[in-house]
Amino acid sequence: MRSLRFTFALAILALATTASATPVISKTTGTFDEIKENLTNALTNRGMVVNNIAHIGDMLARTGKDLGKTNPVYLKAEAIEFCSATISRKTMEANPHNIAYCPYVIAIYVLPKEPKTVYVTYRKPTGGDTKASKASLGEVEKLLRDLVKETIAP
């Protein structure tokens with residue numbers, strides 16, 4: 001039981017570290033759908049697939065009605081989840097607790113007051129308890145950065 005509590009505490013710490021990671025925010029012009037397609041193409045070009053699409057904007061609009069919140073937060077907002085088997089393997093071999101960084105997520109959104117601007121963002125992975133862990137998380141960040149660059153300027 002004690003081991004289970006310790007493992008749970010480590011998992012919470014790892015998730016807290018990920019949640020507190022610094023967002024890297026880029027912006028571009030175009031339509032939401034064009035930018036989303038650019039991202040999915042960038043993933044496909046690297047042999048990766050989308051694991052999940054979180055429809056965050058739709059969820060907020062739907063639940064906002066129940067909460068009495070009618071002002072839209074986004075015109076459109078989605079988070080694209082994916083993974084790189086090679087980089088993920090390296091990252092988790094460096095530290096099995098780095099599982100908290102997987103899957104990787106890039107969000108795309110449009111704000112109501114800026115309908116012609118599309119934002120693309122990800123959480124910069126921070127931390128790493130060893131040189132190998134820091135290096136592997138650096139590879140994750142480079143992948144995310146490169147994907148965003150390709151997405152906003154294909």
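No salt bridge links Arg62 with Asp58; every basic N to acidic carboxylate O contact stays at or beyond 4.0 Å. Comment: Asp33 engages Lys76 in a salt bridge, judged by a side-chain N to carboxylate O separation of less than 4.0 angstrom.
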Is there a side-chain contact (heavy atoms from CB on, under 4.5 Å) between Val120 and Ile35 once you walk through the steps? CA-CA 9 Å; Val120 182; Ile35 302 308; 3.7 Å; yes
Apply side-chain contact (heavy atoms from CB on, under 4.5 Å) to the pair Asn45 and Glu150, showing each step before the final yes or no. CA-CA 11 Å; Asn45 292 342; Glu150 188 173 333; 3.6 Å; yes
Can Arg123 and Glu141 be said to form a salt bridge (Lys or Arg N to Asp or Glu O under 4.0 Å), step by step? CA-CA 9 Å; Arg123 288 178 291 203; Glu141 205 275 328; over 6 Å; no
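For the atom pair NZ (Lys149) and CG (Asp146), the distance works out to 6.0 Å, reported to the nearest 0.5 Å. A distance of 4.5 Å separates CG of Leu137 from CG of Asn98, quoted to the nearest 0.5 Å. Rounded to the nearest 0.5 angstrom, Arg145 CZ and Lys124 NZ are separated by 7.5 Å. Put simply, NE2 on His55 and CG on Leu60 are 13.0 Å apart, with the number rounded to the nearest 0.5 Å. With rounding to the nearest 0.5 Å, the separation of NZ in Lys65 from OG1 in Thr70 is 10.5 Å. Considering CG of Leu43 and CD1 of Ile106, their distance stands at 6.5 Å, rounded to 0.5 Å.
Note on Ile99 and Tyr101: separate hydrophobic clusters, where clusters join Ile, Leu, Val, Met, Phe, Trp and Tyr whose side-chain heavy atoms are under 4.5 Å apart, directly or indirectly. In the hydrophobic clustering of this structure, Leu39 does not group with Ile56; members are Ile, Leu, Val, Met, Phe, Trp, Tyr whose side-chain heavy atoms approach within less than 4.5 Å, directly or through other members. Met59 and Phe32 fall into different hydrophobic clusters, where Ile, Leu, Val, Met, Phe, Trp and Tyr are joined by side-chain heavy atoms under 4.5 Å apart, directly or via other members. In the hydrophobic cluster analysis, where Ile, Leu, Val, Met, Phe, Trp and Tyr join through side-chain heavy atoms closer than 4.5 angstrom, Leu75 is grouped apart from Ile25.
Applying the salt bridge (charged side-chain N to carboxylate O under 4.0 Å, His left out) test to pairs two or more places apart or on separate chains, those with a residue in residues 80-102 are Arg89-Glu93, Lys90-Glu139.
Leu147 places a side-chain heavy atom less than 4.5 Å from the side chain of Phe82. With contacts defined as side-chain heavy-atom distances shorter than 4.5 Å, the pair Lys113/Leu111 does not qualify. Two residues are said to be in side-chain contact when any heavy atoms from C-beta on lie closer than 4.5 Å; Ile80 and Val105 fail this criterion. In this structure, the side chains of Ser84 and Arg46 stay at 4.5 Å or more apart for every pair of heavy atoms. At least one side-chain heavy atom of Tyr104 sits less than 4.5 Å from a side-chain heavy atom of Leu144. Side chains of His97 and Asp129 form no contact here, defined as non-hydrogen atoms less than 4.5 Å apart. In this structure, the side chains of Thr117 and Val110 stay at 4.5 Å or more apart for every pair of heavy atoms.
In this structure, Ser88 and Cys83 approach most closely via the heavy-atom pair OG-SG, 2.9 Å. The minimum heavy-atom distance linking Pro103 with Asn51 is given by the pair CB-ND2, 3.8 Å. Residues Tyr74 and Pro112 come closest through the heavy atom pair CA-CD, 3.9 Å. Taking every heavy atom of both residues into account, Cys102 and Met92 meet most closely at CB-CE, 3.6 Å.
Within 6.0 Å of the CD1 atom in Ile53, the count of heavy atoms belonging to other residues, nucleotides or ligands exceeds 12.
In this structure a side-chain-to-backbone donor-acceptor pair under 3.5 Å is present from Thr121 to Val24.
By the 30° and 60° cut-offs, the orientation of the rings of Tyr109 relative to Tyr119 is parallel.
Met48 pairs in a side-chain contact (heavy atoms from CB on, under 4.5 Å) with only one of the listed residues (Thr40, Leu143, Thr86, Ile87), which is Leu143.
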